[in-house]
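Chain A is the first sequence line, chain B the second, and so forth, proteins listed ahead of strands; every chain is numbered from 1. These numbers come from the heavy atoms of this one structure, side chains and all, not from hydrogens, waters or symmetry mates.
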Amino acid sequence: MESTGLRIHWQPPSESAQSEQLIYGIHRTLFGDCLIAKTAIGICQLELFDRLSPTEARQYVQATWPKADIEDQPTATIAIAQQLFCHAAKDPDPLCLHVRSTVLQQQVWQSLLQIPRGATTTYQALAVAIGRPKAARAVGNAVGKNPIAYLIPCHRVVRQSGELGGCRWGRDRKQQLLAWEAECF
DNA sequence: ACCGATCCACAAA
DNA sequence: TTTGTGGATCGGT
């Protein structure tokens with residue numbers, strides 16, 4: 001319900017060479033240090049870490065977007081961090097995402113957006129949903145490349161066997177997010 | 001050609 | 001019952 005306003009600008013990887021203006025900030029949240037980066041178009045990165053120092057953050061963002069002109073500007077991202085992990089966020093501002101993806105990644109990530117809050121699905125089910133029933137593993141790879149934590153809810157995907165499955169930002173964090181969502185139902 | 005946020009069947013303990 | 005192992009699978013680099 002909170003994802004009513006989520007517009008996504010998809011960009012093919014072939015355009016990855018172009019340089020961009022990019023600002024970012026680190027913010028303390030319930031789930032660790034949240035790194036948020038955005039372009040003029042929208043949020044292009046949203047990742048969670050146990051701890052992320054300012055220098056690490058800068059290096060990390062620069063490594064992810066080698067051609068971009070980046071600038072630490074937390075005042076521009078703090079509002080996003082605040083509205084994200086809050087039950088009572090009423091009238092959340094519509095957010096815009098700016099993501100670069102392959103065709104499969106776009107299919108998979110769009111499927112992720114349809115998993116309701118508090119629910120989970122499996123890598124296998126996602127594979128079936130996009131018409132590639134044998135590609136569970138490739139789907140897992142695509143899920144694992146999601147650069148927008150929480151808003152594109154990759155944490156809601158578990159193994160067919162019921163095991164938790166992997167997580168780019170650590171299994172603990174995946175577990176935390178799921179527990180939190182189950183709780184505030 | 002190699003690597004994965006997978007899955008399944010089947011063997012061994 | 002539980003744990004381990006090997007093979008199938010397939011997109012990304």
Q: Hey, does the side chain of Asp33(A) reach the backbone of Leu52(A) with a donor-acceptor pair shorter than 3.5 angstrom?
A: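 At least one qualifying donor-acceptor pair exists.
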Q: When rounded to the nearest 0.5 angstrom, what is the spacing between CD1 in Ile26(A) and OG1 in Thr77(A)?
A: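 One gets 9.0 Å once the value is rounded to the nearest 0.5 Å.
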Q: How about Ser53(A) and Glu56(A): does a side-chain donor come under 3.5 Å of a side-chain acceptor?
A: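 Yes, side-chain donor-acceptor contact under 3.5 Å.
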Q: Is DNA chain C part of any stem, that is, at least 3 consecutive Watson-Crick or G-U pairs with both distances under 3.5 Å, and where?
A: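 So far as stems of 3 or more pairs are concerned, DNA chain C shows B:1-4 with C:10-13, B:6-13 with C:1-8.
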Q: Sequence neighbours excluded, which residues qualify as ring-ring contact (aromatic ring centres under 6.0 Å, His included) partners of Phe31(A)?
A: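 For Phe31(A) the ring-ring contact (aromatic ring centres under 6.0 Å, His included) partners, ignoring immediate neighbours, are Phe85(A), Trp180(A).
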Q: Provide a list of protein-nucleic acid N or O atom pairs under 3.5 angstrom, restricted to nucleotides 9-13 of chain B.
A:
none

Q: Search all heavy atoms of Gln176(A) against all heavy atoms of Leu30(A) and return the closest pair with its distance.
A: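 Looking at all heavy atoms of both residues, the closest pair is OE1-O, 4.1 Å.
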Q: Can you tell me how far NZ of Lys38(A) sits from CD1 of Ile43(A), rounded to the nearest 0.5 angstrom?
A: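 If I round to the nearest 0.5 Å, the distance is 7.0 Å.
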Q: Within the 4.5 Å heavy-atom criterion, are Leu22(A) and Asp69(A) side-chain neighbours or not?
A: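 A side-chain contact is absent here, since even the closest heavy-atom pair is not under 4.5 Å.
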Q: First and last nucleotide of DNA chain C in contact with chain A, 5' to 3', at under 4.0 Å to a heavy atom: what are they?
A: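 Extent of the interface on DNA chain C: dA8(C) to dG12(C).
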Q: Using 0.5 Å steps for rounding, measure from the SG atom of Cys34(A) to the CG atom of Leu84(A).
A: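 Answer for the SG-CG pair, Cys34(A) versus Leu84(A), is 6.5 Å.
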Q: Are Thr122(A) and Gln124(A) close enough that a side-chain donor and a side-chain acceptor fall under 3.5 Å?
A: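 No, because no side-chain N or O of Thr122(A) sits under 3.5 Å from a partner of the opposite role on Gln124(A).
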Q: Can you tell me if His155(A) and Glu181(A) form a side-chain donor-acceptor pair at under 3.5 Å?
A: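 Judged by distance alone, the side chains do pair up.
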Q: Atom pairs, N/O to N/O, protein against nucleotides 6-8 of chain B, distance under 3.5 Å?
A:
residue : atom : partner   : partner atom : Å
dT6(B)  : OP1  : Arg159(A) : NE           : 3.1
dT6(B)  : OP1  : Arg159(A) : NH2          : 2.8
dT6(B)  : O4   : Arg137(A) : NH1          : 2.3
dC7(B)  : OP1  : Gln124(A) : N            : 3.4
dC7(B)  : OP1  : Gln160(A) : N            : 3.1
dC7(B)  : OP2  : Gln160(A) : N            : 3.1

Q: Would you indicate whether the side-chain heavy atoms of Leu6(A) and Pro94(A) approach each other to under 4.5 Å?
A: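 A side-chain contact under 4.5 Å is absent here.
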Q: Rounded to whole Å, please give me the gap between CZ in Arg173(A) and P in dA5(B).
A: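 Checked: the CZ to P distance equals 17 Å.
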Q: Could you check whether Arg171(A) gets within reach of a base, just the sugar-phosphate, or nothing at all, counting any heavy atom under 4.0 Å?
A: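 Nothing: the residue Arg171(A), judged by heavy atoms under 4.0 Å, touches no strand.
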Q: Does a side-chain heavy-atom distance below 4.5 Å link Glu47(A) with Arg168(A)?
A: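 They are in side-chain contact.
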Q: Quick one: side-chain contact (heavy atoms from CB on, under 4.5 Å) partners of Lys134(A), sequence neighbours excluded?
A: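 With sequence neighbours excluded, Lys134(A) shows a side-chain contact (heavy atoms from CB on, under 4.5 Å) to no residue whatsoever.
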